[in-house]
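So the structure is just underneath, and the comments pick up after that.
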Amino acid sequence: MTSRGADLVVERLSKSYGGQAALRPTDLAIKAGEFFSLIGPSGSGKSTLLGCIAGFVTPTAGRIAIAGADVVDVPPYRRNIGMVFQNYALFPHLSVFENVAFPLRLRKIGSAEIQDRVKRMLETVRLAEYGDRSPAQLSGGQQQRVALARSAVYDPQLLLMDEPLGALDKNLREEMQYEIRRFHANMGATIVYVTHDQDEAATMSHRIGIMRDGALVQTGAPRELYENPANAFVAGFLGEANLYDVRDLRPGPGGALKVVTVDGLELEAEAGKAVPAGSLVACVRPEAVSLAGTDAGPVIAGTVEDIIFTAGTVRCRIATPQGARVLMRRPLERHRQAVAVGDAVKLSYRPADILLIAKE
Amino acid sequence: MKPPGILRVLRPAVASFVAIALAYLLIPNLVIVPLSFSAQEYLTFPPAGFSTKWYARLAANPDWINAAANSLVIGVPTALLSMVLGTLAALAVVRGSLRWAGLAASMVVAPMMLPHVILAIGLYPVMLELGLLRSHAAAIIAHTVVGFPLAFITVMASLRGSDGKLELAAMTLGATPWQAFWKVTFPAIRPGVAVGGILAFASSFDELMLALFLTGATTRTLPRLLWEQMSDFLTPVIAAAATLIVAFSMVLLLLAVLLERKPARPREVA
Amino acid sequence: MRRTAPGEDKAGWQLSRRYNWLLIAPAFFLLVFFLWPLMRVVVRSFVDPAPGLANYQAILASPVYLRVLYNTVETAAVVTLLCLLIGYPIAYVMARAQGVKLRIVAALVVIPLWTSVVIRSYAWMVVFQRRGVLNEGIGTVMALFGESHTPIQFLPGALAVHVGMVHIMLPFMILPLVASMRNIDRRLMRAAGVLGADPIQSFLRVFLPLSLPGVSAGSALVFMMSLGFYVTPALLGGPRHMMSAVLIEQQANQLLNWGLASALATLLLLVTLAIYAVHARISGVGLAGAGGRA
């Protein structure tokens, strides 16, 4: 039952409500079979974009094409898309079986075939025994699996998911992430997945689009976004980052680039890399700094201000004499000498890990 | 801090006050039923002797039968019309994007609150001009004006309790808006619609003022006949009629309660 | 950046515009059979039998009519107050009750609501008449002490009217009260307790203020509905305790004095609207909301 997914093209798509832009002109191309996530804070326009693709929102301008066909004027029920909602949106008056059968009955499919397809679909989501139950009798994770089955039973080429795991607790969310990935691998449909959880997006997607203020800020593979964020917002939104407003750039020793930050920090960066125009921000990922060993190189001196342990990871916040804060993250290794709050430390880093990115 | 001793007095005091108040609510029903089985001609209490003769006399009087028939002929269309109008209004107010939804809701509820006598003297000339005065239709229309707000309120409550996204979900699954409404939204609000209809029927069944102005000798309703009989002669026949009406209302009430209680049962799998 | 709560930014997802059109039929119905008749009443009060303020002058010049208007407002106020005093404890118990207890209390509150107003007023007549339940009861008790009892004449009288009207309006007070009390988070009371309030203090300082929206909704509802009462005052009140609706019905239906009836009705309408306005001002919400939750 593998159906090839459809490609999705969005061109200059925009939506405004009474002069206020909910979505600024946006271009996006998603390949057939791709798992694409949209992330961003609430109000960033990701729901508006998803709503336009689903047909719930009439765009002010622009074009949407699913598998090459323009769908802007096509109502949701003729777009042949599937959708999974955050609160599952299961029909409470229908059994699990009838929920999954719903789209097939609308398509006037024979009852023998419906029996067959619904059964197989429920097996796929491991709910074969639950057909007779009412949705209210199922747990959150089970309900979301029913929603998944219902959205896919008619083989839509494009599946939209609106924060499908938002209502689940952490452990269940991770289990369901795996479930959805497996599901995607089986079905082959193109998936547009909206979430506000960057880890979830990074775990699941081929590519991620980050939205802010009604605009798509950057799209790319998770690693690409992490290593080469387009601006400070992306760097801060996807993972943790030390971000410093840059005051000055000047040539440093040995052909390096010296970066002076607004709060007085002096960093060394690799010269020769392209630097964006406008206000700059220096970005250092917390795992790129470490306690200085014997080897020479650029260092940041400071005092340990705070230490936070989480499972497998230690985070230290170091205050420099100038008043800047540096977050350092390293794996928790037993039998290694621990630092304590108040210790004077020196942090080392590789100049290649100092990213100079646009502030906006 | 106040001494806890006050509470030891206050709790039973409140409890007994509530018990007395609740008993007070039951008095009329407790008075009428025994009275209707009284053996005496005039009105006394406690009634002396047991007799069903008032019921026999009730059954023998065609006026009561006619009035009961009129109440049904007026009440049932009132209920149906109220269900339709109330549901339409509730859908527009809850699911629509009206700028003045709050005002619209207040307008719909207003007829229920305003003294019926104002509406009655206003509708009288209107019905006269339409040639509907003293017809069943006049009473049906008037009772719908004051009855459909009840349906509006119950449907509105059940719409608020149902998830608006279900219709969107149905549409992504291939349902047209029409199908989405009938297959998804309507099943969710059906109990509210039914209870609203029962409430509208009950309000019509009990309405006096509009009936006094708008019905005639051949279309008069039960409350109007009760009223006329009460002004003329007080006999336990009225209590007998009242007992039957109360019994009928209790059946309606039970129906409404059962409908509201009914959990959303999933359809059986074929 | 648009400031939106999670989920709120999905408001644009409602395919809502087509639902707006559904209001047309109810709106048309109300326009023709509610607003238009009301307008006719107001207009008629100024033009029947001759254009001018004659009808209002007649009302103002007559102590009888003024007395009826005053009596209407006074009775409505007394009934509202009594309903609040009696209804609040019942609502309090009902809001806390669960299971069988809740069902019994709810049934006792709702059953009268479903009993015909005409019939209930008739029942109160049986209770209050000269040889009615009340007089017989008092007589029986007095006889135990060897005293004789001359039947008290309760009818027609204010006591009977109040008892009968409170009985009819009580559920309309209790239901909005229960609705608002059920919305009060019980943990707030526990929090007040932790902070050192004894049960009476936490009731007075936390529960009571939070239940005020229900008090406002219930009082407005009872007051407005009491203003238009017909059956109970006509049956139990007699001419000395006449209320506006009885007078209006008399003037229009029996004396065919439609101009005066319309003027009285217009005044009644104004008072009702004034009370609604006060309620809306205080609570900031319409009665529709309170009714919806009840």
query: Where on C:Val163 is there a heavy atom nearer than 4.5 Å to chain B: the side chain, the backbone, both, or neither?
result: both

- prompt: Using a cut-off of under 4.5 Å for heavy-atom pairs, which of B:Val108, B:Leu26, B:Leu212, B:Leu226 has the most such pairs with chain C?
  reply: B:Leu212

query: By a 4.5 Å heavy-atom criterion (distance strictly below it), what part of C:Leu30 contacts chain B: side chain, backbone, both, or neither?
result: side chain

message: Is B:Ala142 in contact with chain C via its backbone, its side chain, both, or neither, using a 4.5 Å heavy-atom distance?
response: neither

message: Please classify the contact between C:Phe34 and chain B as side chain, backbone, both or neither, with a heavy-atom cut-off of under 4.5 Å.
response: both

message: Measuring centre to centre across the rings, with the benzene-like ring taken for any Trp, is B:Phe201 within less than 6.0 Å of C:Trp114?
response: no

task: Pick whichever of C:Ala261, C:Pro89, C:Gly137 has the most heavy-atom pairs under 4.5 Å with chain B.
output: C:Pro89

- prompt: Top residue by heavy-atom pair count (under 4.5 Å) with chain B, among C:Leu38, C:Leu227, C:Val109, C:Val231?
  reply: C:Val231

Interface moiety of C:Met94 toward chain B, non-hydrogen atoms closer than 4.5 Å: neither

message: For C:Leu134, which atoms come within 4.5 Å of any heavy atom of chain B: side chain, backbone, both, or neither?
response: neither

- line: The interface call for B:Leu103 against chain C, heavy-atom contacts under 4.5 Å, is neither

- prompt: Between C:Ala25, C:Pro26, C:Gly228, C:Ser226, which has the largest tally of heavy atom pairs under 4.5 Å with chain B?
  reply: C:Pro26

statement: Checked C:Ile104, C:Leu269, C:Val127, C:Thr266 vs chain B; the most non-hydrogen pairs under 4.5 Å come from C:Leu269

message: Please classify the contact of C:Ile86 with chain B as side chain, backbone, both or neither, using a heavy-atom distance under 4.5 Å.
response: both

query: Does the pair B:His143 and B:Ser204 meet the rule for a side chain to side chain donor-acceptor pair (under 3.5 Å), with working shown?
result: CA-CA 6 Å; B:His143 284 176; B:Ser204 160; 2.9 Å; yes

- request: Select one option (side chain, backbone, both, neither) describing which atoms of B:Thr144 are under 4.5 Å from chain C's heavy atoms.
  value: both

- request: Return the option, out of C:Gly87, C:Ala27, C:Ser116, with the maximum number of heavy-atom pairs under 4.5 Å with chain B.
  value: C:Ser116

query: Can you tell which of C:Leu35, C:Leu235, C:Leu273 has the highest number of heavy-atom pairs within less than 4.5 Å of chain B?
result: C:Leu235

